[in-house]
Amino acid sequence: MSQPRTYSRYTIAASQLLGQQIRLGRKRRKWTAHALAERAGISRSTLQKIESGDMGVAIGLVFEVAALVGVRLFDADSTELNRQISHTSEVLALLPKHTHPDRQEVEDDF
């Protein structure tokens, strides 16, 4: 049996904050959990996991629910997000495809 995945405190806090922002967005729109789950094409229990910050939910589902309730990811609108994606792709194209750890010098002074 595999060990459960552990996460840093920062990651857990970020997940909890995103879940709370999603819940806040849903409540501001006066949507029930059932209504949002239906719109997102997920079960109500999955939505409850997202809103509680459960780390086991697929990131694509979390992002989709966040978008539905108006939670801005990366603090950017869609135009800015696309610009950042393009810029990052250009930078990545300039970098090597593979990375290798630095080689340690062999100390052969006996």
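- The list of side-chain hydrogen bond (donor to acceptor under 3.5 Å, both in side chains) pairs with a residue in residues 9-19, not counting sequence neighbours, reads Ser8-Thr11.
- For the side chain to side chain contact (heavy atoms under 4.5 Å, CB included) test, residues two or more places apart in sequence or in another chain that qualify with Phe63 are Ile59, Leu73, Phe74.
- Under the 4.5 Å side-chain criterion, counting only non-hydrogen atoms from C-beta, Leu18 is in contact with Ile22.
- Atom NZ of residue Lys27 and atom OG1 of residue Thr32 lie 11.0 Å apart, to the nearest 0.5 angstrom.
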Residues 85-98 side chain polar contacts: donor-acceptor under 3.5 Å, at least two apart:
residue, atom, partner, partner atom, Å
Thr88, OG1, Gln84, O, 2.8
Ser89, OG, Ile85, O, 2.9

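- Sorted by first and then second residue, the pairs that involve residues 51-64 and meet salt bridge (charged side-chain N to carboxylate O under 4.0 Å, His left out), not counting sequence neighbours, are Arg23-Glu51, Arg26-Glu51.
- Every residue was checked against the side chain to side chain contact (heavy atoms under 4.5 Å, CB included) condition with Ser78, not counting sequence neighbours, and none meets it.
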Exercise answer: donor-acceptor pairs, residues 39-48 side-chain atoms, under 3.5 Å, sequence neighbours excluded:
residue, atom, partner, partner atom, Å
Ser43, OG, Ser45, OG, 3.1
Ser43, OG, Thr46, N, 3.1
Ser43, OG, Thr46, OG1, 2.9

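- Met55 forms part of a hydrophobic cluster together with Tyr7, Ile12, judged by ILVMFWY side-chain heavy-atom separations under 4.5 Å.
- Applying the salt bridge (charged side-chain N to carboxylate O under 4.0 Å, His left out) test to Glu80 and every residue at least two apart in sequence or in another chain returns Arg83.
- A single hydrophobic cluster is seen to contain both Val69 and Leu81, as judged by linkage of ILVMFWY side chains at heavy-atom distances under 4.5 Å, directly or through other members.
- Leu24 and Val57 are not part of a single hydrophobic cluster, where members link through side-chain heavy atoms under 4.5 Å apart.
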